[in-house]
Amino acid sequence: MTAHDVQETGTDRALPRSFVLTIAAGTVLQALNASTMAVALVDIRQQFHAGAAASWLISGLYLATAIGSPTAGRLADRIGARRVFTTSLVLTVLSSLLAPLAPDLGWLIALRILLGLGTCAAFPAGVAMLRAEADRRGTALPAGALSALAIGGQVMIAFGPVVGGLLVSWQGWQSIFLINVPLGLAVGLAAWRHLPADPPRPPTSTTAVLRGLDLPGAALFTGCIAVLMLFLLSLAEQPRWWLLGPLAVLVAAFTTWELRVPDPFADVRMLARNRPLTGTYLRTALTYVAFYTVFYGYPMWLQNARGLSADQAGLVVLPIALLAMASVAVAGRVIRRRGHRPVLLVGSVALLAGGFGLTFLHSASDLVPLLGVAALLGLPNGFNNIGNQAALYQQADAADAGMASGLYRTSQYVGANIAAAVIELGFAGPAADAGLHRLGTVVAVISAVLLAGALRERLATGRRAGGAFPTQKS
């Protein structure tokens with residue numbers, strides 16, 4: 001199928017397969033690099049004689065994603081999505097080539113952050129291209145394309161640790177960076193062949209582009225997230241209540257600044273006007289708090305309390321990702337027929353059941369219930385993931401598709417960082433049964449909030465949830 005072929009699917013003309021798969025291939029590099037580090041961290045600690053500071057190899061990538069995604073989205077809207085997409089591949093390949101040469105941990109963390117900035121940019125740029133191409137063709141919501149992006153991410157989350165383990169065993173921790181080089185070059189070649197050129201734009205100076213990025217706003221947002229994380233992580237040992245003061249000052253300064261600048265990092269006024277989109281961001285953040293609490297907390301309990309080895313624990317949690325992949329495909333078909341609201345409703349119910357399931361497990365539980373709970377928790381991840389993406393696509397204005405997609409990524413990784421604090425608080429020491437039950441309770445409470453929101457939206461919209469979505473915000 002060439003880049004100009006059009007395929008009929010139901011009443012909508014599907015986007016070219018080569019176009020969609022190229023974008024999906026670029027976006028999965030972020031999930032791959034997030035998951036492979038989990039199995040390389042021990043070797044890196046040993047080589048650099050590092051302690052807790054090595055955890056910044058994980059947190060640094062998440063923080064870079066939270067800040068870099070909306071920035072990349074703004075660039076995609078201003079200088080061209082294809083240009084941002086290909087530049088992200090250059091950053092990914094460059095940082096991956098340099099990382100194995102890092103002389104110390106500090107340099108490796110800096111290059112890991114650069115890698116995060118590179119891999120995170122592909123998603124908002126890709127969604128902006130999907131939106132522009134669908135609008136150009138007069139096509140409704142490309143649920144199939146969104147499913148491809150979601151499934152690709154789930155595949156990498158599922159098999160990233162397996163691939164990383166093989167690479168580290170074969171060629172050391174350096175190989176988890178070097179694998180990005182051929183992958184990035186291959187995606188770059190596909191982008192050159194299959195992604196349409198950016199439409200012509202008026203000449204813009206570098207100064208004007210940088211001014212439009214609102215770097216002071218991004219810095220203030222970084223400060224807010226960093227101080228929030230320091231406070232949340234301190235709750236597990238000795239709470240640093242004094243951090244609430246600087247946090248309040250930073251939040252006030254960030255909000256004031258964003259209301260003043262003409263091109264804000266996060267358009268506070270737009271978020272206040274577009275309440276459905278703001279609700280999607282909040283729902284996404286809560287969803288990812290629950291997901292990462294399970295994805296990292298459950299394996300810790302399986303190893304420390306249930307006594308499984310690392311590879312056995314990995315196999316037990318594999319159904320989470322496998323069921324998520326399968327549920328994404330089902331949810332995509334539901335969205336095409338009935339919209340995103342029923343999908344989010346089912347996802348919230350399944351997450352509630354999974355959270356309760358965790359509270360009934362104990363260190364003597366048989367393998368069957370362990371696998372059953374993992375499978376149950378995979379279902380809501382797939383439904384909620386594509387459901388929130390579909391809501392974002394519908395609710396964001398076409399002109400702001402890149403920025404809106406970037407903020408969507410930010411909400412995901414804000415949730416991921418908060419989940420790290422939830423896990424520390426929940427276990428409060430060794431990962432024992434009581435800690436798992438506390439985490440299950442947190443997941444159940446979050447899912448109850450999500451369910452209440454989904455029911456409220458469903459009742460408010462009534463029958464208007466059915467049918468295909470238009471290409472513009474309704």
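Taken to the nearest 0.5 Å, the CG atom of L183 stands 10.5 Å off from the CG atom of L89. A distance of 4.0 Å separates CD1 of I23 from CG of L130, quoted to the nearest 0.5 Å. From L302, atom CG reaches atom CG of L436 across 8.0 Å, with rounding to the nearest 0.5 Å. Note that CG of L323 is 10.5 Å distant from CZ of F383, once rounded to the nearest 0.5 Å.
The minimum heavy-atom distance between L439 and G297, with the atom names listed, is CD1-CA, 4.2 Å. What you find for A391 and T280 is that their closest heavy atoms are CB-OG1, 3.7 Å. In terms of heavy-atom proximity, G387 sits nearest to H340 at O-CB, 3.6 Å. The minimum heavy-atom distance linking T284 with Q412 is given by the pair CG2-CG, 3.6 Å. Across all their heavy atoms, A76 and V84 have their closest contact at N-CG2, 3.6 Å. Minimum interatomic distance between A374 and I320 (heavy atoms only, all atoms of both residues): O-CG1, 3.2 Å.
Side-chain contact check for L450 versus L352: every heavy-atom pair is 4.5 Å or farther apart. Here the side chains of L379 and L351 are not in contact, with every heavy-atom distance at 4.5 Å or above. Looking at L358 and W301, their side chains never come closer than 4.5 Å, going by heavy atoms from C-beta outward. At least one side-chain heavy atom of L392 sits under 4.5 Å from a side-chain heavy atom of Y281. Looking at heavy atoms from C-beta onward, L108 lies in side-chain contact with W173 at the 4.5 angstrom threshold. By the 4.5 Å heavy-atom criterion applied to side chains, Q30 and L61 are counted as neighbours.
A donor-acceptor pair under 3.5 Å links the side-chain atoms of N180 to the main chain of F177, judged by distance alone. The backbone N or O of N384 lies less than 3.5 Å from no partner atom in the side chain of R283, so there is not a single donor-acceptor pair. A donor-acceptor pair under 3.5 Å is formed between the side chain of H437 and the backbone N or O of L361. With hydrogens and angles ignored, the 3.5 Å screen pairs a side-chain donor or acceptor of S88 with a backbone N or O of F85. Proximity of a side-chain donor or acceptor of D433 to a complementary backbone N or O of S363 within less than 3.5 Å is detected. Not one N or O on the side chain of T255 forms a donor-acceptor pair closer than 3.5 Å with the backbone of A252.
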Tell me which donor-acceptor pairs under 3.5 Å the side chains of residues 215-230 have, and how far apart each pair is, sequence neighbours excluded?
| residue | atom | partner | partner atom | Å |
| --- | --- | --- | --- | --- |
| T222 | OG1 | A218 | O | 2.8 |

Which pairs of donor and acceptor atoms, one on a side chain in residues 111-126, lie under 3.5 Å apart (sequence neighbours left out)?
| residue | atom | partner | partner atom | Å |
| --- | --- | --- | --- | --- |
| R112 | NE | L57 | O | 2.6 |
| R112 | NH1 | N33 | O | 3.1 |
| R112 | NH2 | N33 | O | 3.0 |
| T119 | OG1 | L115 | O | 3.1 |
| T119 | OG1 | G116 | O | 3.4 |

(request) Step by step, work out the side chain to side chain contact (heavy atoms under 4.5 Å, CB included) result for L425 and V442. (result) CA-CA 11 Å; L425 288 170; V442 170; over 6 Å; no

(request) Let me see the working for V414 and Y288 under side chain to side chain contact (heavy atoms under 4.5 Å, CB included), right down to the final yes or no. (result) CA-CA 8 Å; V414 167; Y288 274 79; over 6 Å; no

(request) Decide side chain to side chain contact (heavy atoms under 4.5 Å, CB included) for M129 and E133; before the verdict, give the C-alpha distance in whole Å, the side-chain angles of both, and the deciding distance to 0.1 Å. (result) CA-CA 6 Å; M129 283 187 283; E133 186 67 11; over 6 Å; no

(message) I'd like to know whether L370 forms a side chain to side chain contact (heavy atoms under 4.5 Å, CB included) with Y298, so could you lay out the CA-CA distance, the side-chain angles of the two residues, the decisive distance to 0.1 Å, and finally the verdict.
(response) CA-CA 10 Å; L370 299 181; Y298 193 35; 3.7 Å; yes

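For the residue pair R275 / T278, no side-chain donor-acceptor distance below 3.5 Å is found, with atom types taken as modelled.
Aromatic pair W241/F231: ring centres closer than 6.0 Å.
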